[in-house]
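Owing to the predicted nature of the structure, the values given are computational and were not obtained by experimental measurement.
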Amino acid sequence: MARAMRLAKRGMFTTDPNPRVGCVLVDDETIVGEGWHERAGGPHAEIVALHAAGSGARGATAYVTLEPCCHQGRTAPCTDALIAAGVGRVVYACDDPNPAVSGAGAQQLIAAGIDVHSGLMPETAKALNIGYLTRLRTGRPYVRSKIAASLDGHTALENGSSQWITGAAARADVQRLRARSAAILTGIGTVLSDDPSLNVRDDTLGNIQQPLRVIADSRLRTPVAARTLGLEGSVRIYCVAGQASAALSAAGAEIEAIAVDNRHVSLPALLDSLGELQVNELLVEAGAEMNGALLADGLIDELIVYSAPHILGSGARGMFAGPVLKAMDARVELQLVDLRRIGDDCRLTYRKAQ
């Protein structure tokens, strides 16, 4: 199963909106076939492994990182293929919450006389597909906010200058975060001040899917000449009702009016919309206003802070905008789940405190 997990990771940047899945076929402690799901619309991991094994699949055990599918989508059901190949046993890591599968895949295999076991390395499997599982469970993507900050918690000087707070290694690490994300979200303030590209610019990552670039822009102030509009891939701008821009539409932006929250784009409604678009993982690269609003609404699932070893001093811009707290019990509690050095910087990963 550990080998199947490593295979599944090879599809980290290419499978959206499908889950990342690996499969290993074993007969008498010998691997006879293996594979992973590479791209949506392509063969699933089980099909690749069965093809590699050929007749060696008969009587073998299939180790799969997710419950095999049993429905007709863009490809045929994997359960049918496993049954036809004569596999004797299937061990999978965690259930698939997709209503078209959700337990039915396992039951179909059992009905065919195959020995089925689940729950091997489930936490590893869930971490691998945290976005897919979150979207199927909540209807919204998994929200991961990335912030680069100085040691004293500032993201830019008072005049807005922020290039570069972190070093080259940390910036390269961010490219991997972008590549695994189905969409990248920023606010109009960041567009106007930084003119970000919001795309993946690392050729070493292979033939990835460029993420959808998303801007929360209530009054459609995004400049037609914005850098992100001139790049390959899709840009989606969320605004409030009554706004229109023929120039932005002509520049290739998809514009959608959405629910209003205190005269601004409703972030919960925005996440609901992205969920409907089958966005599994959303990376937020925004300023203090948007990060503060997401934090206040409890919408950040994971916070990644790249902490640089320098001090920007008083007056510099902070990570989160929000009300002044009057009591310590009003603070937001987070849990540190990972800490590692990236070049000269530290990457700290936090999730909601349990």
Output for pair (Leu82 CG, Cys69 SG), nearest 0.5 Å, gives 9.0 Å

Any side-chain to backbone donor/acceptor pair from Glu67 onto Gly103? Under 3.5 Å, distance only. yes

Salt bridge (charged side-chain N to carboxylate O under 4.0 Å, His left out), that's the test. Do Arg140 and Asp272 meet it? Break it down for me.
CA-CA 5 Å; Arg140 293 175 177 174; Asp272 287 339; 2.7 Å; yes

task = Measure from the side-chain N and O atoms of Asp27 to the backbone N and O of Ala60, and report whether any donor-acceptor pair falls under 3.5 Å.
result = no

| query | Does any N or O in the side chain of Thr186 come within less than 3.5 Å of the main-chain N or O of Thr190, such that one atom is a donor and the other an acceptor? | reply | no

**Message:** Under a 3.5 Å threshold, yes or no: a donor from one side chain and an acceptor from the other, between Arg135 and Asn280?
**Reply:** yes

_Thr204 versus Asp202, side-chain donor and acceptor atoms under 3.5 Å_ = yes

Value for CG (Leu66) from CG (Asp96), rounded to nearest 0.5 Å, stands at 4.5 Å

In short, Ser245 meets Ile255 closest at the heavy-atom pair O-CD1, 3.8 Å

*asked:* Quick one, Asn18 with Tyr132, criterion side chain to side chain donor-acceptor pair (under 3.5 Å). Give me CA distance, side-chain angles, the key distance, then yes/no.
replied: CA-CA 7 Å; Asn18 290 358; Tyr132 173 80; over 6 Å; no

One should read off an interatomic distance between Thr30 OG1 and Leu25 CG, to the nearest 0.5 angstrom, of 12.5 Å

request  = Would you kindly say whether Asp345 and Thr166 are connected by a side-chain donor-acceptor distance under 3.5 Å?
outcome  = no

Shortest non-hydrogen pair, Arg176 vs Leu205, comes out as NH1-CD2, 3.3 Å

- prompt: Are any of the side-chain heavy atoms of Pro268 and Leu299 separated by less than 4.5 Å?
  reply: yes

Would you tell me whether Thr65 and Tyr92 have side-chain atoms, one donor and one acceptor, within less than 3.5 Å of each other?
-> no

- Message: Are Val284 and Leu348 connected into the same hydrophobic cluster when the rule is that any two of I, L, V, M, F, W, Y join if their side-chain heavy atoms are below 4.5 Å apart?
- Response: yes

For residues 121-133, the salt bridge (charged side-chain N to carboxylate O under 4.0 Å, His left out) pairs (sequence neighbours left out) are Glu123-Lys126

Thr14 versus Arg39, side-chain donor and acceptor atoms under 3.5 Å:
no

Using modelled atom types only, decide if a donor and an acceptor are shared between the side chain of Asp95 and the backbone of Pro97 within a distance under 3.5 Å.
no

Close side-chain approach of Asn291 and Met319, heavy atoms under 4.5 Å
no

**Q.** Trace of the salt bridge (charged side-chain N to carboxylate O under 4.0 Å, His left out) decision for Arg347 with Asp338
**A.** CA-CA 8 Å; Arg347 189 185 73 193; Asp338 187 71; 3.6 Å; yes

Heavy-atom check, side chain of Glu254 versus side chain of Arg236, under 4.5 Å: yes

> Quick one: does NZ or CZ of Arg171 land under 6.0 Å from the six-membered ring centre of Trp164, within 45 degrees of the ring axis?
Replying inline: yes

Test your reading of the model: is there a side-chain donor-acceptor pair from His154 to the backbone of Gly313, 3.5 Å cut-off? yes

message = Side chains of Tyr142 and Arg144 only: does a donor on one sit below 3.5 Å from an acceptor on the other?
response = no

Taken to the nearest 0.5 Å, the spacing of Arg213 CZ from Thr228 OG1 works out to 4.0 Å

